[in-house]
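See below for the structure under consideration.
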Amino acid sequence: MTRYREFHRRSIEAPEDFWRDEARRIHWETPFETVLDRSNPPFARWFVGGRTNLCHNAVDRHLAERAQQNALVYVSTETGIERRYTYAELYAEINRMAAVMRSLGVKRGDRVLIYLPMIPEAVFAMLACARLGAIHSVVFGGFAAPSLAARIDDATPALIVTADAGARGGKVIDYTPLVDEALARAKHKPPHVLRIDRQLAPERLNASYLVDYEPLREQFFDAHVPCEWLESNEPSYVLYTSGTTGRPKGVVRDVGGYAVALAASMEYIYEGRAGDTMFTASDIGWVVGHSYIIYAPLIAGLTTVMYEGTPIRPDGGIWWRLVEQHRINLMFTAPTGLRVLKKQDPALLKKYNLSSLRTLFLAGEPLDEPTASWISDALGKPIVDNYWQTETGWPMLAIQRGVEALPAKLGSPGVPVYGYDLTLRNEQTGEVCAAGEKGVITLGYPLPPGCMSTVWGDDRRFVSTYWSSVPDQQLYSTFDWGIQDDDGYVTILGRTDDVINVAGHRLGTREIEEAISSHKAVAEVAVVGVADPLKGQVALAFVVLRDADRYAADKARLKLEAELVSTVDRQLGAIARPARVHFVAMLPKTRSGKLLRRAIAALAEGRDPGDLPTIEDASALQQVRDALAAAAGGKT
Ligand code: ATP
Ligand code: MG
């Protein structure tokens with residue numbers, strides 16, 4: 001562990017020296033004067049006075065050496081379209097898009113709201129914004145009109161870029177009516193709406209405000225738009241958090257710090273080298289998409305694979321087919337995707353030649369042990385769980401194989417990443433927890449480069465939300481709860497508001513979920529705490545079975561419930577025992593695949609779960625309601 005320990009220590013004890021060295025990875029049009037400005041904590045400014053541009057670093061800079069290398073490989077199993085763009089072609093497309101945006105009045109500092117499905121034009125639009133110094137605000141294409149309207153009003157864009165339609169699982173989703181409704185709801189009226197016409201929408205809706213991209217692209221086909229050289233701390237984008245626990249926060253990212261942090265992470269965490277191919281199965285609407293579909297792989301000179309489609313269409317082998325076809329070296333996804341694949345025919349994994357693949361990265365939610373062991377055995381490659389947030393932009397916890405290939409420990413995303421002064425703290429006293437003691441995961445000041453610089457338009461909210469929960473200390477709270485072992489490995493126990501208190505014992509819902517999911521009948525589980533007059537709170541479990549038919553009979557379910565309860569007893573003790581286990585076909589999740597435990601708890605306590613604009617499938621709530629009603633009626 002010495003190499004990792006030394007590396008991490010240096011990054012914390014001498015951050016200026018550490019990050020000055022890392023800053024050499026990117027192009028600075030004007031060198032920075034100061035590595036770190038700490039004059040106004042908790043705000044931190046990195047590489048002050050330096051001028052650079054994200055688009056230049058992601059694209060222009062590579063033209064000398066890799067103009068003919070693929071920069072972007074696009075595959076859609078929804079439309080059957082596959083396209084490849086070399087760095088030279090990507091450069092040309094971005095310039096066309098930038099010229100079109102400029103012709104519509106977009107200039108440095110303006111916001112551009114990007115509401116697009118997974119199409120190459122989304123990449124062009126984001127990088128065109130970067131080129132112009134405009135601030136992109138990408139809104140996940142699956143969001144409905146009210147979520148879109150809220151983001152329009154928060155970011156007040158000068159332009160919206162959208163498409164006629166998206167597609168998911170073979171279903172076409174018309175975007176124009178959604179944009180129409182959002183614009184009607186929003187107070188802010190953007191002067192222009194640019195539409196990428198995929199010719200997918202069944203009806204050709206033609207709202208008067210829509211400007212079609214294609215004719216403008218033709219008009220600016222040979223355009224060259226110079227990069228705006230931005231001061232390192234100017235904003236590059238606004239991105240809203242997933243909204244799992246409340247009103248989404250508009251996370252603001254800088255330019256220089258983000259570029260440096262991503263470039264360094266490609267070596268130390270992802271071990272991606274120029275010329276490699278990376279496939280990040282996420283969406284451009286999430287932070288993983290921003291950082292590891294677009295910016296990081298391109299900044300480091302890789303080929304990035306962008307995929308529109310689900311992991312199970314045309315069949316559960318599609319991701320592995322992509323690996324074989326495109327000789328993918330690095331793959332990155334969320335555990336939720338793997339849990340979907342785990343229910344598929346295991347032969348699909350063996351059907352393809354996966355020899356190009358070096359490592360599989362996972363982030364976004366806890367990686368449960370059964371899923372981790374399954375994929376690790378099936379692939380025979382290192383699986384690297386990494387823990388981070390929209391706010392940080394890149395991992396806080398990971399095995400940093402490019403620094404030292406420490407062994408993985410099942411259930412833990414690893415050790416603190418360089419640059420992060422990460423400690424676990426007692427929630428009440430703010431004291432550092434001893435090894436094995438549960439606490440809130442916090443970060444010391446300053447946050448490393450690439451992390452959020454503030455909440456969009458609301459510096460006070462940045463301070464009051466993130467920096468005020470530990471009394472008398474300058475600490476950033478992740479609002480996640482964890483436990484650290486003697487070797488420094490952290491296990492995430494859940495979000496601080498998912499902690500339940502049973503007869504005075506504080507338990508992370510994650511601990512109970514882990515125990516239950518170790519039973520082979522269980523595909524997925526959510527545990528929530530509900531009020532109990534006797535014990536304060538009790539745990540309720542909601543379980544999705546791998547093979548529900550096997551447990552169709554009431555008797556079989558009762559027997560399984562007893563088995564699951566005794567599994568928890570054995571692993572955690574009777575105190576953690578769920579009061580009931582309910583069986584459902586589906587759990588309520590956000591569009592980004594995270595469990596909405598609060599909504600489940602509200603239903604279980606007979607409360608209204610409130611507005612859930614980020615929910616993936618609202619019928620999952622009905623399932624929970626039905627299960628609760630059936631149990632109240634004496635059935636399981
Ligand atoms: P909101 O903050 O609006 O409630 P959110 O927290 O779901 O939404 P994200 O920033 O997308 O929005 O998610 C970050 C959170 O996801 C982390 O704080 C953590 O709870 C969880 N998470 C991410 N990666 C991991 C991981 N590897 N293991 C466990 N949990 C993870
Ligand atoms: Mg969060």
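Throughout, residue positions are numbered sequentially from 1 according to the sequence presented. Heavy atoms only: backbone and side chains are in, while hydrogens, waters and symmetry mates are out. Each ligand, and each atom within it, is numbered from 1 in the order the structure gives.
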*Cation-pi check, R253 onto Y258 ring (under 6.0 Å, within 45° of axis)*: yes
*Under 4.0 Å between a Lys/Arg side-chain N and an Asp/Glu carboxylate O for R510 and D498?*
no
*Does E365 come within less than 4.0 Å of K589, counting only side-chain N to carboxylate O?*
no
*Just heavy atoms, cut-off under 4.0 Å: does N386 contact ligand 1 by side chain, backbone, both, or neither?*
backbone
_Sub-4.0 Å atoms of ligand 1 with respect to non-hydrogen atoms of T244_ = 1 (P), 3 (O), 4 (O), 5 (P), 7 (O), 8 (O)
_Within 45° cone of Y115 ring axis and under 6.0 Å: R151 NZ or CZ_ = no
*So is there a nitrogen or oxygen of T478 less than 3.5 Å from a nitrogen or oxygen in ligand 1?*
no
*Going by heavy atoms, is G243 under 4.0 Å from ligand 1?*
yes
*Could you name the option among P366, S412, G482, A334 that has the heavy atom nearest to atom 30 (N) of ligand 1?*
P366
_Just verifying a value: how many Å separate Q571 CD and H519 NE2, rounded to the nearest 0.5 Å?_
11.0 Å
*Carboxylate-amine/guanidinium contact R591 D283, below 4.0 Å*: no
*What is the distance from atom CD1 of I328 to atom CG of L357, rounded to the nearest 0.5 Å?*
8.0 Å
_Students should be able to answer this: which protein heavy-atom is nearest to atom 4 (O) of ligand 1, and at what distance?_
T245 OG1, 2.4 Å
*Which of these, Q389, E365, E391, K594, has its nearest heavy atom closest to atom 16 (O) of ligand 1?*
K594
*Going by heavy-atom distance to atom 24 (N) of ligand 1, choose the closest among P335, S242, P413, G364.*
G364
*asked:* On a heavy-atom basis, which atom in I399 and which in V384 lie closest, and how many Å separate them?
replied: O-CG1, 3.9 Å
*Mind telling me whether F279 and W319 have parallel, tilted or perpendicular rings, with 30° and 60° as the class edges?*
perpendicular
_Numbered atoms of ligand 1 (with element) below 4.0 Å of D480, judged on heavy atoms_ = 17 (C), 18 (O), 19 (C), 20 (O)
*What is the closest protein heavy atom to atom 6 (O) of ligand 1, and at what distance does it sit?*
R495 NH1, 2.9 Å
*At a 4.0 Å threshold, what atoms of ligand 1 neighbour a non-hydrogen atom of W388?*
14 (C), 17 (C), 23 (C), 24 (N)
*Going by the order shown, which atoms of ligand 1 are within less than 4.0 Å of some heavy atom of T390?*
9 (P), 10 (O), 11 (O)
*Among the heavy atoms of K249, does any lie under 4.0 Å from an atom of ligand 1?*
yes
